[in-house]
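All of these numbers come straight from a predicted model, not from anything done at the bench.
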Amino acid sequence: MTLDVQLVGSTTQMAVVTLRPGQTVYCEAGKFLFSSGDVVMETKLTAPSDPHGKPDGGGLGSLLRGAANAGKRVLAGESFAFQHFHTPGGDGLLGLAGVLPGEMRVLELDGGTTWFAEKDAFVAAEAGVHFDIAFSGLGQGVMGGEGFILEKFTGRGSLMIAGAGDFIDINPADYGGTIRVDTGCIVAWDDRITYGVETVGRLNRQGIMSAVFGGEGLTLATLRGNGRVILQSVTIEAFAKALVKSSAKPDQQGLGALGGLFSGSRD
């Protein structure tokens, strides 16, 4: 049975799920917004479809495997446990969202396609979707500046992801087979896409100027193939810098007051 998900909002979206008996949805900590009173919420170390986990009562071995998987997620910067939701009676209502102002996508996994996403993109999924941690390669991760740890999704069912700003869906095959992207703009891609990292220009005067003053650093991500890529219009790094810049108030004495005047601050 397909999960009934409605995305509400424009660029600050939430997912409103109509949860029916027999369906289970799980999410990471911090992604839950609200639910109706007939929705049961439980916290567990494993996702419902985790092949290494078993229902409660699976014994010490199951508990240790669940703890090991939870530890791997923590090392990757993800939450230690999952929140599981189901309704024992009639239809229930469940609200979920990402942690940044931005869009969401609902991806329907068909059992044969694997999806990869950057850290923190995962919001929730139904029980048939398996969540795991993948690695893009140490060299690529260090060069890319966004870390080499990815979220990996397999199985069958509805998967909800979120990012910052507006989304655009691109197939590299429509543009010669390759697109180059700021690593912070990537949200997710399917397994028909090959992910790589390349340097920006040569290590000469122009290359250094582009890297230092162009705002892109020394590397860009390359996405090749005939598949689906989801990009976001706001990078988390740029968003964080904007918040820091906006929250910093100049000293109201001497040159600080002049700085506030010329910057447009009226505080």
**Request:** Take Arg20 and Thr18, measure what side chain to side chain donor-acceptor pair (under 3.5 Å) needs, and give me the verdict at the end.
**Result:** CA-CA 6 Å; Arg20 297 187 168 87; Thr18 300; 5.4 Å; no
**Message:** Within the structure provided, determine whether Glu118 and Ile149 are in side-chain contact (heavy-atom separation under 4.5 Å).
**Reply:** no
**Asked** So, do Tyr26 and Phe32 have ring centers that fall under 6.0 Å from each other?
**Response** no
**Request:** State, to 0.1 Å, how close Ala97 and Leu33 come at their nearest heavy-atom pair, and which atoms those are.
**Result:** CB-CD1, 3.6 Å
**Prompt:** Looking only at heavy atoms, which two atoms of Ser10 and Gln13 are closest? And how far apart?
**Reply:** O-CG, 3.1 Å
**Request:** Decide whether Ile170 and Val181 are clustered together by the hydrophobic rule: side chain heavy atoms of Ile, Leu, Val, Met, Phe, Trp, Tyr closer than 4.5 Å, transitively.
**Result:** yes
**Fill in**
Of all heavy-atom pairs linking Thr87 and Asp38, the shortest is OG1-O, 3.4 Å
**Item:** Side-chain heavy-atom pair Val106, Leu159 within 4.5 angstrom cut-off
**Value:** no
**Minimum side-chain heavy-atom gap Leu107-Ile161 below 4.5 Å** = yes
**Request:** Would you kindly confirm whether Val25 and Met41 end up in one hydrophobic cluster when ILVMFWY residues are joined by side chain heavy atoms under 4.5 Å apart?
**Result:** yes
**Asked** When you measure from the side chain of Gln232 to the backbone N and O of Phe167, does any donor-acceptor pair fall under 3.5 Å?
**Response** no
**Request:** Start with the C-alpha gap between Lys119 and Leu150, add the side-chain angles, then the distance that decides, and say whether side chain to side chain contact (heavy atoms under 4.5 Å, CB included) holds.
**Result:** CA-CA 6 Å; Lys119 291 193 303 179; Leu150 304 172; over 6 Å; no
**Request:** Is it possible for you to say whether Val229 and Ile168 belong to one hydrophobic cluster, with membership spreading through side-chain heavy-atom contacts below 4.5 Å?
**Result:** yes
**Item:** Closest contact, heavy atoms only, Leu94 versus Ser35
**Value:** CD1-CB, 4.1 Å
**Message:** Under 3.5 Å, is there a donor on one side chain and an acceptor on the other for Thr222 and Arg224?
**Reply:** yes
**Asked** Does the side chain of Thr235 come within less than 4.5 Å of Asp182's, by heavy atoms?
**Response** yes
**Message:** Restricting to non-hydrogen atoms, name the atom on Val129 and the atom on Ser158 that form the minimum distance, rounded to 0.1 Å.
**Reply:** CG2-O, 3.8 Å
**Prompt:** Taking atom types as modelled, is there a side-chain donor on Thr43 or Gln83 under 3.5 Å from an acceptor on the other?
**Reply:** no
**Message:** In the structure I gave you, are the side-chain heavy atoms of Leu7 and Met160 within less than 4.5 Å of one another anywhere?
**Reply:** no
**Request:** Could you check Phe131, Trp189, Phe116, Trp115 and say which one makes a ring pair (Phe, Tyr, Trp, His ring centres under 6.0 Å) with Phe153?
**Result:** Phe131
**Gap separating the CZ atom of Arg105 from the CZ atom of Arg228, nearest 0.5 angstrom** = 6.5 Å
**Side chains of Val123 and Lys31 in contact at under 4.5 Å (non-hydrogen atoms)** = yes
**Request:** Check whether any side-chain N or O of Gln23 sits under 3.5 Å from a backbone N or O of Glu126 as a donor-acceptor pair, and report yes or no.
**Result:** no
**Spacing of CD1 belonging to Ile179 relative to CD1 belonging to Ile186, to within rounding of 0.5 Å** = 8.0 Å
**Side-chain donor or acceptor of His86 paired with backbone N/O of Leu19 under 3.5 Å** = no
**Message:** Just verifying a value: how many Å separate Cys185 SG and Ile230 CD1, rounded to the nearest 0.5 Å?
**Reply:** 13.5 Å
**Message:** Could you tell me if the side chain of Val17 sits less than 4.5 Å from the side chain of Asp4, heavy atoms only?
**Reply:** no
**Message:** Distance check, rounded to the nearest 0.5 Å: Leu231 atom CG versus Asp166 atom CG?
**Reply:** 12.0 Å
**Asked** Does a side-chain N-to-carboxylate-O contact under 4.0 Å join Arg180 and Glu198?
**Response** yes
**Message:** Quick check: closest heavy atoms across Pro48 and Thr24, and the distance to 0.1 Å?
**Reply:** CG-CG2, 4.0 Å
**Prompt:** Shared ILVMFWY cluster between Val39 and Met14, side chains joined below 4.5 angstrom?
**Reply:** no
**Message:** What's the separation between atom CG in Asp191 and atom OG1 in Thr113, rounded to the nearest 0.5 Å?
**Reply:** 5.5 Å
**Joint cluster assignment, Val234 & Leu100, ILVMFWY side-chain distance < 4.5 Å** = yes
**Message:** Between Asn171 (side chain only) and Gly227 (backbone N and O only), is there a donor and an acceptor less than 3.5 Å apart?
**Reply:** yes
**Prompt:** Just by modelled atom types, is the Leu93 backbone N or O under 3.5 Å from a matching donor or acceptor in the Ser36 side chain?
**Reply:** yes
**Item:** Between CZ on residue Phe82 and CD on residue Glu42, distance to nearest 0.5 Å
**Value:** 15.0 Å
